[in-house]
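Chain identifiers are assigned alphabetically (A, B, ...) following the order of the sequence lines, protein sequences preceding nucleic acid strands; residue numbering begins at 1 within each chain.
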Number of protein chains: 2
Amino acid sequence: MLTAFTKACRRYDVNIADEDRGARTGRLRRGVPQQMTKPQLDLGAAQPTRRERVREATLAEIKQIARNHLVEHGTGGVSLRAVAREMGMTAPGLYRYVSGIDALLVLITADMFQELADAVAAADASVPADDTDLRILTSLRAFRSWAVTHRAEFATMFGPHVRLAPETDITPAVEAGRRFGATFYTLFDRLLSEERFPLPDGDRVSPQLARELRAFADTCGFSAPHIPVEAVMVLSSCWVRLYGVVSMEVFEHLNFVMRDMEPLFESELRSILTGLGVRYLPPESSASVTTGTPD
Amino acid sequence: MLTAFTKACRRYDVNIADEDRGARTGRLRRGVPQQMTKPQLDLGAAQPTRRERVREATLAEIKQIARNHLVEHGTGGVSLRAVAREMGMTAPGLYRYVSGIDALLVLITADMFQELADAVAAADASVPADDTDLRILTSLRAFRSWAVTHRAEFATMFGPHVRLAPETDITPAVEAGRRFGATFYTLFDRLLSEERFPLPDGDRVSPQLARELRAFADTCGFSAPHIPVEAVMVLSSCWVRLYGVVSMEVFEHLNFVMRDMEPLFESELRSILTGLGVRYLPPESSASVTTGTPD
DNA sequence: CGGCGTTTGCTAACGGCGTTCACTAAAGCG
DNA sequence: CGCTTTAGTGAACGCCGTTAGCAAACGCCG
């Protein structure tokens with residue numbers, strides 16, 4: 001009984017519930033010195049063991065292949081057995097690295113948030129840093145651009161959680177999503193500090209909404225410590241519109257009614273930015289030849 | 001060879017590709033009179049055979065149980081075997097009624113669109129017919145209300161198609177979705193004819209966008225034959241915002257940052273309606289005690 | 001270098017899934 | 001009643017996630 005429990009603790013140890021396992025093994029398996037499992041604990045992480053390195057590489061390969069399957073066959077097409085097969089392994093072997101298919105999906109979701117954040121940040125960095133207007137325009141376009149070129153990823157990140165069991169721990173993905181959001185918060189903060197647009201009247205914010213917006217601001221850690229709730233409301237509204245138009249495009253809900261969704265996105269973008277007092281520039285001439293059918 | 005083909009034609013005949021089957025069987029199985037498969041074809045559909053009645057009932061039961069499983073266990077929890085088990089049947093038996101799990105999901109999705117349309121229409125009919133403002137307000141609130149009380153359904157209807165194979169024929173669901181959309185189109189038409197709000201300048205509509213919007217209007221069959229594209233743009237923008245705020249709530253993307261999404265919805269609703277020149281009324285006093293956690 | 005605990009990956013197995021095929025029993029119709 | 005059509009079953013195939021037990025490889029330490 002106790003043996004089985006400690007064994008279970010030893011198994012699903014990586015990446016999910018890491019400190020949890022550290023605590024439990026420390027209490028239950030007193031005979032085994034902890035340095036065994038993580039050598040050179042005090043010497044810093046600069047010197048990973050050879051074992052740790054190859055382990056990290058295997059985990060990366062797992063995630064990479066799972067990601068490929070996600071892109072090629074959709075969320076439902078990711079299976080431990082298929083990943084293992086492609087790696088020349090068997091499915092149970094993967095359980096040394098991931099605690100199950102759900103955890104693997106959460107892992108790659110977190111990675112994808114990081115990747116999206118990097119893509120937006122790269123676009124943001126590609127324009128002059130002091131041109132806030134252009135930075136916002138570029139960042140929002142980069143968001144849509146990444147979404148339409150990574151449809152399967154976007155669906156798992158921003159769609160409903162349809163595959164995961166409800167009790168799955170998705171905090172890694174949520175954390176990554178929060179870091180992604182910070183990209184936009186920073187830009188919005190800049191815009192606020194420049195006082196580019198008048199905040200809406202305070203009486204348009206109901207007490208209930210004010211409470212939720214305050215919680216929003218507190219949780220997300222704006223750089224502005226006491227950001228007015230009216231500003232958070234504007235940000236929320238913009239995010240809702242951006243999310244709506246991009247999701248509708250990626251989820252293909254107007255497919256039978258519109259061929260190319262980019263004009264609608266640009267229209268919404270222009271409307272959003274104008275409302276923020278940010279100047280809008282039409283996209284490059286490549287706008288008419290988008291990913292839509294050339295016909 | 002030919003036998004196998006005709007057998008395959010005879011099997012997956014119902015509900016999906018109905019006329020297709022009629023045509024094929026008519027050509028391939030000349031020896032069998034068509035009246036056999038559909039008796040009293042000329043006497044009208046008012047007299048369904050006993051067989052047809054029980055068959056319809058069985059199909060309805062299948063869909064009902066599948067729907068229950070969808071609600072209780074999410075999209076991934078719907079399985080032919082489980083449905084059959086609950087019906088006291090075996091899974092292969094269901095193939096007499098549905099051509100596979102994907103077709104079943106499409107079927108119930110179409111049903112759900114119909115149900116949503118009915119719910120919105122019922123709310124719309126519950127207020128004075130000549131009060132366009134109140135009808136719109138009530139209809140949009142009914143949309144959100146249905147969504148948050150039917151989360152699993154909403155996710156399969158408005159989320160990404162994550163379970164279905166890409167080549168699945170989803171036209172039944174798309175058709176039902178179109179009928180649902182007509183509910184809002186009609187109200188919007190009313191609003192337009194009342195000329196309640198000024199249309200935006202035509203130069204805000206790019207030629208590409210105008211083309212897409214025109215296709216949108218044509219496909220959806222507005223009652224106004226030559227509705228201006230500017231109006232379609234306004235409608236699209238409103239729909240994007242509504243879709244965005246409701247989807248974010250149902251998909252729980254701000255869960256870790258907001259407890260109750262209704263205030264944000266009401267805020268967006270007010271903003272949308274104000275932009276349309278429609279008067280906004282705050283919700284009943286039950287607003288603060290919504291479906292959210294009581295604490 | 002050998003010894004030995006840790007880590008890794010395997011095989012076998014269980015149960016669940018979608019789907020097909022061959023077949024039986026029932027229902028409807030002349 | 002006899003014949004055709006239909007409803008439903010059981011067995012089977014190949015997927016899937018997951019667990020348990022076991023053997024080989026690894027790496028550290030004496």
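dT7(C) is paired with dA24(D) under the criterion used here, namely a Watson-Crick or G-U wobble arrangement in which both key atom distances are under 3.5 Å.
Of the options E115(B), E86(B), E61(B), E72(B), a salt bridge (Lys or Arg N to Asp or Glu O under 4.0 Å) to R67(B) is made by E115(B) and by none of the others.
Comparing dC16(D), dT18(D), dA11(D) by their closest approach to the side chain of P92(B) singles out dA11(D). Of the candidates dT18(D), dG27(D), dC16(D), the closest approach to any side-chain atom of I101(A) belongs to dT18(D). Looking at the side chain of R96(A), the nearest of the listed nucleotides dG18(C), dG9(C), dG17(D) is dG9(C).
Note on T90(A): a base of the nucleic acid sits closer than 4.0 angstrom, heavy atoms only. Counting non-hydrogen atoms under 4.0 angstrom, G88(B) reaches the backbone sugars and phosphates but no base.
Between the CG atom of L80(B) and the C1' atom of dG16(C) there is a distance of 13 Å, given to the nearest Å. Distance CE (M89(A)) to P (dT7(C)): 16 Å, rounded to an integer number of Å. If you take CD of E52(B) and C1' of dC29(C), they are 15 Å apart, rounded to a whole angstrom. Rounded to whole angstrom, the span from the CD atom of E56(B) across to the C1' atom of dT6(D) amounts to 16 Å. Atom NE2 of H69(B) is separated from atom C1' of dC17(C) by 14 Å (rounded to the nearest Å). Following rounding to the nearest Å, R50(A) (CZ) and dT7(C) (P) show an atom-to-atom distance of 15 Å. dA7(D) atom C1' lies 14 Å from atom CG of L59(B), rounded to whole Å. At whole-Å resolution of the value, CG in L94(A) and P in dT19(D) are 13 Å apart.
With contacts defined as side-chain heavy-atom distances shorter than 4.5 Å, the pair C220(B)/F216(B) qualifies. The shortest distance between side-chain heavy atoms of M258(B) and T219(A) does not fall below 4.5 Å.
Ring geometry for F143(A) against F158(A) counts as perpendicular: the plane angle is over 60°, on a 0 to 90° scale with 30° as the lower cut. Between W146(B) and H150(B), the ring planes lie parallel to each other; the angle is under 30°, not in the 30° to 60° tilted range.
Between the side chain of R81(B) and the base of dG18(C), at least one donor-acceptor pair of N or O atoms lies under 3.5 Å.
Nearer the 5' end of DNA chain C, as judged by each residue's closest nucleotide, is the contact made by V54(A), out of V54(A) and R51(B).
Phosphate contact (OP1/OP2 of dC21(C), side-chain N/O of Y95(B), threshold under 4.0 Å): absent. Look at R55(A) and you'll find a side-chain N or O under 4.0 angstrom from OP1 or OP2 of dT8(C).
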